[in-house]
> 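So that we are looking at the same thing, I have put the structure below in structure tokens.
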Amino acid sequence: MEVAQSLLGQHLVRRPADAQSTPGRYEIVEVEAYTQDDPASHAFNGPSKRSSIMFGPPGHAYVYFIYGMYHCLNAVTELDGVAGAVLIRGLRALPPPTGEEAGLPSRKIEPSELSQKIGPKLDGPGKLCRALAIDLAHNGVALFDHRSPLFIAPGVSPLPGTIIATPRIGISKAQDRPWRFIIDTRAGGGKTDR
DNA sequence: TCCGGGATTTAA
DNA sequence: TAAATCCCGGAA
């Protein structure tokens with residue numbers, strides 16, 4: 001919840017399997033919070049093989065597969081023993097870090113030409129996981145360990161008043177909880193950190 | 001072991 | 001509005 005909002009503006013870094021390549025960097029612009037007493041959460045019925053990671057220590061990735069075709073990425077939030085996660089729903093590709101001469105594309109992850117189809121904006125939890133090639137293999141990775149293939153780095157926190165809270169999407173239960181948070185990036189920024 | 005549904009996306 | 005299509009969880 002508070003953690004969900006604090007993740008907005010932080011940077012998600014995708015390290016390619018090829019350690020030499022430049023990691024892709026994305027700003028987190030949309031999230032949703034899920035808690036243990038939340039009927040819409042996978043953890044609602046207690047720990048299970050799939051959701052057990054949510055009951056573990058915070059700072060780890062919870063990845064699940066849904067509808068037979070999409071993965072969704074979450075960040076585990078609550079203390080060890082308590083379930084809680086933040087679903088990453090939207091990303092924004094950031095320009096390659098300076099010194100990225102060489103003409104390498106900012107996105108080093110390439111499911112072939114698929115990356116071409118996907119624009120700089122990644123809306124939707126399933127889409128962004130496909131774009132970053134995130135799958136169940138990333139379930140449980142430490143999100144604050146820079147050695148991970150996928151981790152979160154400090155970014156630019158959104159200014160006060162630029163976070164919009166709305167009801168969550170795509171669920172059939174507890175739709176009344178306004179736990180979806182979006183950075184209000186109007187007119188090209190809001191995140192113009194200067 | 002089998003069966004139904006799901007925190008989604010895209011296309012008609 | 002429906003289909004694509006895999007994994008999880010509960011029932012048998």
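Protein chains get the first letters and strands the later ones, always in sequence-line order, with residue 1 at the start of each.
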> Can you tell me if A:Lys127 touches the phosphate of B:dT10, counting only side-chain N or O atoms and a distance under 4.0 Å to OP1 or OP2?
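So the side-chain polar atoms of A:Lys127 do come within 4.0 Å of the phosphate oxygens OP1 or OP2 of B:dT10, strictly under.
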> Taking a hydrophobic cluster as the set of Ile, Leu, Val, Met, Phe, Trp and Tyr residues connected by side-chain heavy atoms closer than 4.5 Å, whether directly or through intermediates, do A:Leu150 and A:Phe144 fall within one such cluster?
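Yes, one cluster joins them.
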> A:Tyr67 OH to C:dC6 C1': how many Å, rounded?
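Value for this atom pair: 13 Å.
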> Which residue lies toward the 5' end of DNA chain C, A:Met69 or A:Gly46, if each is placed at its nearest nucleotide?
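Mapping each residue to its closest nucleotide by heavy atoms, the 5'-most match is A:Met69.
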> Go through A:Tyr64 and A:Asn139 one step at a time and tell me if the side chain to side chain contact (heavy atoms under 4.5 Å, CB included) criterion holds.
CA-CA 8 Å; A:Tyr64 65 91; A:Asn139 196 21; over 6 Å; no
> Apply side chain to side chain contact (heavy atoms under 4.5 Å, CB included) to A:Phe44 and A:Asp38, showing your working.
CA-CA 6 Å; A:Phe44 184 62; A:Asp38 182 351; 5.5 Å; no
> Given the rule that a pair is Watson-Crick or G-U wobble with both distances under 3.5 Å, how would you write DNA chain C in dot-bracket, using | for pairs to a different strand?
||||.||||||.
> Taking DNA chain B as the partner, which of residues 75-83 of chain A come within under 4.0 angstrom of it by heavy atom?
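Close to the strand, none.
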> Please report, rounded to the nearest Å, how far the C1' atom of C:dC8 is from the CG atom of A:Asn139.
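Rounded to whole Å, this separation is 13 Å.
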> Using the six-membered ring for Trp and the full ring for Phe, Tyr or His, decide whether A:Tyr34 stacks on the six-membered base ring of B:dA7 (centres under 5.5 Å, planes under 30°).
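Per 5.5 Å and 30° rule: yes, stacked.
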> Rounded to the nearest Å, what distance is computed from the OH atom of residue A:Tyr70 to the C1' atom of nucleotide C:dC7?
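So the two atoms are 16 Å apart, to the nearest Å.
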> Please report, rounded to the nearest Å, how far the P atom of B:dT8 is from the CG atom of A:Leu73.
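Result: 14 Å.
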> Can you tell me the distance, in whole Å, between the CG atom of A:Asn45 and the P atom of B:dG4?
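Distance, rounded to whole Å: 19 Å.
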> If you compare every side-chain N and O of A:Arg89 against the phosphate oxygens of B:dT8 (OP1, OP2), does one of them come in below 4.0 Å?
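Result: yes.
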> With a 4.0 Å cut-off, would you call A:Glu32 and A:Arg168 a salt bridge?
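Judged by the 4.0 Å cut-off on N to carboxylate O distance, A:Glu32 and A:Arg168 do not form a salt bridge.
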> To the nearest angstrom, how far is A:Phe65 atom CZ from C:dC7 atom C1'?
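About 8 Å, once rounded to whole Å.
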> Between A:His42 and A:Tyr62, how do the two ring planes meet: parallel, tilted or perpendicular, split at 30° and 60°?
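Taking A:Tyr62 first and then A:His42, their aromatic rings stand perpendicular (interplane angle over 60°).
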> Treating A:Glu78 as the side-chain partner and A:Gly84 as the backbone partner, does any N or O pair qualify as donor plus acceptor under 3.5 Å?
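Checking the backbone N and O of A:Gly84 against the side chain of A:Glu78, no donor-acceptor pair under 3.5 Å is found.
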> What integer distance in Å separates A:Leu136:CG from C:dC6:C1'?
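The answer, rounded to whole Å, is 9 Å.
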> Kindly determine whether A:Glu27 and A:Leu91 satisfy side chain to side chain contact (heavy atoms under 4.5 Å, CB included), including the steps that lead there.
CA-CA 5 Å; A:Glu27 178 190 11; A:Leu91 296 177; over 6 Å; no
> Let me know the distance between CG of A:Leu87 and C1' of B:dT8, rounded to the nearest Å.
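It is 10 Å, rounded to the nearest whole Å.
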> Check the pair A:Leu136, A:His71 against side chain to side chain contact (heavy atoms under 4.5 Å, CB included), reporting the backbone distance first and the verdict last.
CA-CA 8 Å; A:Leu136 292 181; A:His71 295 276; 4.0 Å; yes
> Remember a base hit wins even if backbone is also touched, and classify A:Tyr62 as base, sugar-phosphate or nothing at under 4.0 Å, heavy atoms.
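The residue A:Tyr62 makes base contact.
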> Would you indicate what A:Gly126 reaches in the nucleic acid, counting non-hydrogen atoms under 4.0 angstrom: base, sugar-phosphate, or nothing?
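Sugar-phosphate, no base atom in range.
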> With a 3.5 Å distance limit and no angle check, can you tell me whether A:Thr162 reaches the backbone of A:Leu159 through a side-chain donor-acceptor pair?
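Such a contact is found between A:Thr162 side chain and A:Leu159 backbone.
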